[in-house]
Every structure is written in C-alpha cells, then in structure tokens.
Amino acid sequence: MEIPKAYDPKLAEEQHYARWEAQGFFAPEINRDPHAPVYSIVIPPPNVTGSLHMGHALQHTVMDVLTRYHRMRGYRTLWLPGTDHAGISTQIQVEKQLRRDENLTRHDIGREKFLERVWQWKEKYGGEIQRQMRREGASVDWSRERFTMDEGLTRAVREFFVRMYEKGWIYRGEGLINWCPKDQTALSDLEVEKVEKKDGKLYYLQYPIKGSDRRVTVATTRPETMLGDTAVAVNPTDERYIDLVGATILLPLVNREIPIVADDFVDPTFGTGAVKVTPAHDQNDHAMGLRHNLPMIKVIDSQARMSADAGAEFESLDRYEAREKVVAKFEELGLLEKIADYEFSISQCGRCRTVIEPLLSVQWFLKQSAFGERPLELMRERHEPRFVPENPYEKVYTNWLEGLYDWTLSRQLWWGHRIPAWYDEAGNIFVARSEEDARKLAGTDKLTQDPDVLDTWFSSALWPISTLGWPDETDDLKTFYPTDVLVTARDIIFLWVARMMMTGLEFANDKAFKDVFITGTIFDKHGQRMSKSKGNGVDPLEVFDKYGVDATRIVLASIGTTDTRWNDSQVEAYRNFANKIWNAARFCLLNSEGAEVGKGFAGDAQTWTLHDRWIMSRLQKAVRDVSRSIEAYEFHAAVQALYHFFWDDFCDWYIELTKADVTATEPGEARDAARSRVLTVLEQALRLLHPFMPFITEELWQKLPGVGSQLLHAAYKDAVPTVMLAAYPQSREELIDERAESDIASIIELVSRVRNIRSEMNIKPGEQVRLLVAAPDRAARAVFESGAQQIARLVRASDILISESFDAPRASARAVLAGGAEVAVPLEGLIDFAKERERLRNEREKLEKEATRLEGQLSNQNFVERAPAEKVEELRQRLADIAQRTRMLGQTLEAFSE
RNA sequence: GCCCGCUUAGCUCAGUUGGUAGAGCGCACGCCUCACACGCGUGAAGUCGAAGGUUCGAGUCCUUCAGCGGGCACCA
C-alpha cells in the first residue's frame, strides 16, 4: 500500500463531506432504532449576508462535536441549519448594489421591485456561509435547512404576532424610540450601543424668568434641543429653587412661556440643579413630560434636521449646525454662562455607528415584562436552562429578565416580516393572520397594510419552534423539541437566548433548550476584538487551507468557553498531531498483512502480553475521560485526554513496545495477533477522535483492514460503513488493569532513567551499551525480565542482565528506581567521573529535599492526628521509598568518591 | 455607582470536592534510530498578581488592595 509520509488534509476534506451528505448520514432518519434517545440542536442562524468568521467556526465546532458524539452513541440526532434574513444588513447591502450598478435608490424602483431584488440577491449570494459550513465538516441536516423568511416561518411570525396582540401584550402606540437617522428606522434598546464621548461639552444656558431679573441656568449636552423645551425642572427639596416652582420662564430664541416644575428625578448635586425638559427628544424628559402633562414639541425630524417647529431660523438645519447656531445666539444674548469639558456616553446605532436620535413616534411594542415571567420561574424552580459556564451568565440572564421593558418591534424597512396589521379608512386597526382575515374582521376590502416590518429578532425568537414546524404540531416538533443545547456567543443572550426561552415556554409549553453553552471570545494576538473595520480578523478559511480543518477544529473545541488570543502556533501543534495520527496509521498499515481490526484481543486478557493489557487499560481510561468530558462540555479536557493517549501512550510506548512483534520478519500467529491488536487500538482511537477530527479519522478508518458494518452502532447497521456512524467506544471497566499499568510504568521509568544517563553522559546514539539491573523484589524482577528485549531495544542496549543484586563495575553510571531497583550502565573508558558524581548528587539532593518536606509534615502532630489516615499512610510509604533510594544513592556515591 | 470575571513557566492556556505545580509552543543539548524532522531522546524554566486570614495543610476557601476585562444603571 502506498501511503505518503505526510498527511495532506485537502485530499480527505475534498472527498468525504459530499459522500456523507449524499448518503443521508446527517439526517436523523439514518437512525433505524425506534427507541433511540433523541439529541437536537438548532444552529444560531448566521446572517444570510454573512461569511464565516472565527466565532462561527468556534460555535460550529462545538455543535458538531456534540452532534457527532451523540450520533455515534446511537442518538437520533438532529442539528438543524439555516440562515437569518438580517433585515437592515441585507437591505443596505442590496441598496448599495443598486446604487453602484444602476445609480438607483430603493424608492426609485418601489417596494415590490426592491423586494424582488433582495430575493434575487439572496439566491445569488446567500449560499456563501452554507458552502463554508460544508468545508468545516458541519454535520447539519441540510434537508431541514430553514430561512427566517420561509413561508413556514413567516406563518409562525404572524401567529406569534396575532396571539400576542390578542392577549394585549403587543400594542401600537406613541413612544420615544431610538431612531437611526442613517438607516431611517427605529431600533430596540438592545440594538443601540453606548460609547464614551471623551471630548464632550456641557453647555450652561441661562433662561430668563418672566417678570423678574432672575435667570435660571440649565446645563445640557444638546443645546439645540432647547428649541423644544417645554419646562424646566428642579428637585422639590432644592432650597435654591423652591420659590421658583410654578414660575414661568421665557424661553430664549423661541419666546415660549414654559413653567418651572418640581420633580424628584432631578439630582440637585448635578450641574446647576435645574434641568431643561425636552419631552420629545430625551428619554427622561419624556417621562417627566408625561408626569407633568407637558406639551411635546418635535423640533428634530427623522433626518436629524430641525423641523418647522424649531422656528424658521433653524428649520432644516442639521442637528449639529443647529447646536452651533443656538450656542452662538445665546452668546450674543449674553445668556451663555459657560462651556465645560464633560465626558459622557452617547448612544449610537449598533450597526452603522450613527448617533441615535430619540424620536417620538408611533410604533408597535411588545410588553416583555409579562413575557419574562415564565423563564424566570423556570430558573428559580428548576434551575434551567443550565448555562455553561454558569458564572457569570446565569446571573446576566436572570438580571435582564427581572428588569424587562417594552420591546420596540416595528422597523421602517422594506426587507423583513411585514407587520400583520391593516387599517381601514377611518384608521381602525385590524391585526390578523392574513389580509383575508383582516377584511373579514373589518367588513371591508378597503384596507391598507402597515408599511413597517418587524425587528429581525422577532422571527429569531421563534427559531427553535418555527424551524420544527410550529404552529403546526408536527412530528419534528414532538420529536426534537425541546432542544438539548444552544451554543452561541455572549452578546446575544438578551437579544436572542432569553427571547427564545420566552416564546418556547409560551407557545410550546416547554423550554427551548436544556443547556446554553456560551463560547469564549477569540481576540487577535494583541488582545483586540476581531472586527471587520479593524481588519484584524483571522479568516478561518485561510487557517483551514494552511493547517487543515481537523487541526483547526480541535483547537477551537479546546478553546470552548475561554476568552483567548488567537495564535497559529496552537493550530500548527494540532496539525502536527494530525500528522502523528497519519503516521501511526501508516505504520499499522505498512505492517497489516495478516491482520484485521477486531482480531487479536479475543479470549482471556491474561493470555495477552503485558503491553497489550496495558494499552487496553489506558484506552478504557481515555474512553471514560473523553466521554465524561464531552458530556460535561469540558472539551479542553477531552482534547487533552485524546492527545496524550494517542501520542504518549499509543505512539511513544505501545507502538514501540509492540514493534518487534509487529515487524517480525517471520509470519505467524504471534505476528498476526500483534498486528491485529495495534490495528484494533488504532481503530478505537479513530472513533474517539472522530467528533473532533472528522476528516482524517474517516480517511484512515476507511483504509483499515477489517472495518465494516459490524463496527457501526446498532442503530445504523444497514448504513454504508463509515466511522461517523461507528459506535462511540464505551469504557469497559473489566479491562482496566492497574497491575499492568504499574508494571509498564516501572519499565517506562527504567527506560527513561537509562536514556537520561545516555544523554547526560554524551553517549552517541549509535553506540550500544550494556545494562545491569538489580531488582531485589521478585515480582519487579519478573517484569523486567519479561520486558528485557523491549527495554534493550528502547535504550539501545547490546545486552541486559537482570538479577537480585549486582556488583557493577566501578566505572558505571547508575540510577535508583522507585521501589528500590537499581540500574547500572557500565561505561568503561567513557565515563566522566566528575560529571557522574554531580549527576548523582543532584539526584540525591532532589530526593533529600522531598524527604525533608515529608518528614516535616509527618512530624507535625496536628497533621498526623487530623489528616485522613490513608493520606498519612501514603506519605509514610513515600518517605520510606525515598529514604531507601537516598541511602542507595549515597552508597553509590561513596563508592565513586574513593 | 452596582454586580461579575480574569491575573499560574518567555508566549497561549489547563488545573471541578484544599493533600507532592501541568500541557503545547518557544528555549538548550544530542540525533535524518527501518511510522513520522509536522519527527525522536534529554534538559532548563514558575515565591501560582499583592497583603492578610481560615486550616495540620491553600494555586484551590474568606477579606482587602492593585492591574486588566465584561455586564447593568446613570450621564441635564
């Protein structure tokens, strides 16, 4: 068999995915066991405009590991993919294209034509991320792929809206909302980000009081809004102003008479203690306006320009121009007291970073406070969902649910779910599942549908149920809901995670998912968040190209929930690991004649060689640790267990220990058995690795002699053989053999000590040494005797003499092993006595230090009395062993010094 | 202002019931040893952010502080 020396990931990556997909391996229907347990995950739908970034790759890897693991465990497994229509982003993308290619705006071509364009765009460019997911090896069920604007999901959205409206939780009303003047739409509070403004200014403006010479000074960061002031507020307890409450102010520039009102909201210690009130353009002022029944004058329009109500002088000025002009006017009038430097934070659009304008307008809202009760109850009573890591996310989630406010649902966009509300000519509202229903309700055909669409997160909130068929009671919904885990990033816990919980509990009467796995954030190597605008993102596709998908995946899996700085060297390390796997398999395959997976480990374990019993014992422990770790979402631990089992136990020791048997020139039963065993262990390791490294494991598994449907999990027994449907190994406790492990451990220690001597004494690698081993303990001696040939091979010894005690030549390098065995390497003419003495002294020093520490601990009465007896005993044993070894080293050293 | 997290070897990170500090990379030395130089062997390297406390015993529990990073509230 021709097998290249180095693993080329491309070959495997190009072949297997298409075959898996075509064979239907990803769909739950592949599972033929009617009683199989169910495991399901819905993907956080990436934006249809998006392309893969590291965060996706991380989430997808975690989901795929879980999916593949459970599939191999025989679960009826569904990982459901899909994309989000991403209202604003997509609309803007298409508008840009329209402008670039045809110099048209959406208004030029009209709503209907524009939407056609968006759909065309989606068909043409929307498949990018799906292609990239195939590259990742994501084992999603493409037959169930969904898009948030699909017919079924659209129906779900309308159903959601209508039911909430009927319940009175959705309402239409005037409110002060976040308006993005660039995107020309309302935004929910969650889509707004606060940014510190370091070079901010605080303007102190003086307002004259009518019928008095006094002036009240107010401080503001937005002087232009004074044109819309309808009051000045002071704290009722503020003695400076108490006599002014009820007085009238003559508002400069506009000459409006406005009252001074008293309101607890005002902090007397801030600014001047007097606040200008602009109810139409500030959240707090709006609340005060409602409390005091103040007029609400809109002086800024949706373009962030001053309106007619701002006065002829200011009308149509940009808000910032207006600001300057207002300040200049105040200065002219001698009413500008001062301008102070002031740091504060401004709200900006989360998408385009334009400064938000609070605007008073009529919108649709959802009363989330009512909606949040059941998720809170679920957390309090059943502690669900379980967040991984629990800290700090459980608290973040809970705190948010405890302080819910109304959600602005409507968006002044064209691309999205149209609000299912119609108006008759009198302006009456009819909310219905279809226009037809609305007509029936209204008793007229003359209806106009609300032009707005819903916040994209409205449809996202339904994702786990809508993708499974809700509002119909489909089989999928019955089978796969609730889902097992949601894997996502921390920044959408409120926007999405909490809301899915709300809708799931409301409509499907059950939680949307049992667990929530919050992935870590991947930063660049300087600790900066990766972002498009900074251009510091690492493209997963490039990493795939450079190091292979499997290597990237296993690194991502071990990142898991940790915030980490990306560095390629880790991926390189796992690229090397992949190559190690490749070459271990290469070794097995080059020596596979007469051998088959599954053979060799038949019969009584006691008839196997020591190293066979050892590797099987190690394998069981690895299997146990890996499974446990995956189930606890501790992927890092799982990866470590796999890495060290494969590299250290299997490659460094097992293959080396069995090599002589496997590569024996004489064919025969013994050689066949040794070859079959190494193949069998390899095959099990490939299965264990498969969820993390799907491509290389499939590539190699397919090459192994003896693999076939008998290795598949019973639920897939009719399927075409593939490692992805093989049964995930289960730990067999009866094969754990502590005796074999300690026996091999002593051989490993012996080999390591001799290698150390060779290295320290500068013995040329090609040079053979003689080895003398003295083991007073009969059992230990038996172990060394049985492993003599292997030991000789591993330390390059020409011969090895094992006895109860020895009288080694003086010119020998020596070491004392745990348990009191001793080893000597005669080095006639080669030994550097001074160096050997130093080596031994160092060794003794280390032991003595340890002994001193142990003695100290054991002579502490408190310790002996209070620590558990077995702990004390353990330390005594250790001390005894060390004392003996120290003595022996001392003797050796003495003999040396003569 | 309130709440939370992080601080362990030069770098990136593990360390889950408190009981001899770990990995990978990097570094040093020696090796193309018949699976693998994407490799093999050997080695050096940490007062576990600081100070207290609880305990026979603390990287691990408690308190305070410092640096970094989150979340929430406020921001006239």
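Chain letters run A, B, ... following the sequence lines, proteins first and then strands; every chain starts at 1. All values reported here derive from a predicted model rather than from experimental measurement.
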What about Arg575(A): does its side chain form a donor-acceptor pair under 3.5 Å with the base of C38(B)?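 Present.
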Report yes if a donor N or O on one partner sits less than 3.5 Å from an acceptor N or O on the other, where the partners are the side chain of Gln857(A) and the base of U20(B); otherwise report no. no
Tell me which donor-acceptor pairs under 3.5 Å the side chains of residues 850-860 of chain A have, and how far apart each pair is, sequence neighbours excluded?
from      : atom 1 : to        : atom 2 : distance (Å)
Thr852(A) : OG1    : Glu848(A) : O      : 2.7
Ser859(A) : OG     : Glu855(A) : O      : 3.0
Ser859(A) : OG     : Gly856(A) : O      : 3.0
Asn860(A) : OD1    : Asn862(A) : N      : 2.9
Asn860(A) : OD1    : Phe863(A) : N      : 3.3

Write down the protein N/O and nucleotide N/O pairs, taken from nucleotides 42-44 of chain B, whose separation is under 3.5 Å; answer none if there are no such pairs.
from   : atom 1 : to        : atom 2 : distance (Å)
U42(B) : O3'    : Asn756(A) : ND2    : 3.1
U42(B) : O2'    : Ser759(A) : OG     : 3.3
G43(B) : OP1    : Asn756(A) : ND2    : 3.0

Counting only side-chain N and O atoms of [X], is one of them less than 4.0 Å from OP1 or OP2 of [N]?
X	N	answer
Lys871(A)	G19(B)	no
Thr564(A)	C13(B)	yes
Asn762(A)	C29(B)	no
Asn576(A)	G39(B)	yes

Output a table of nitrogen or oxygen pairs between the protein and nucleotides 59-70 of chain B separated by less than 3.5 Å.
none

Using the test ring-ring contact (aromatic ring centres under 6.0 Å, His included), find all partners of [X] that sit at least two apart in sequence or belong to another chain.
X	result
Trp701(A)	none
Phe517(A)	Tyr633(A), Phe635(A)
Trp400(A)	Phe494(A)

Test the Lys201(A)-Tyr342(A) pair against the cation-pi criterion, namely NZ or CZ under 6.0 angstrom from the six-membered ring centroid and within 45° of the ring axis.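 Cation-pi check for Lys201(A) and Tyr342(A): fails.
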With a 4.0 Å cut-off on N to O distance, would you call Asp661(A) and Arg671(A) a salt bridge?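 A salt bridge is absent here (no side-chain N lies under 4.0 Å from a carboxylate O).
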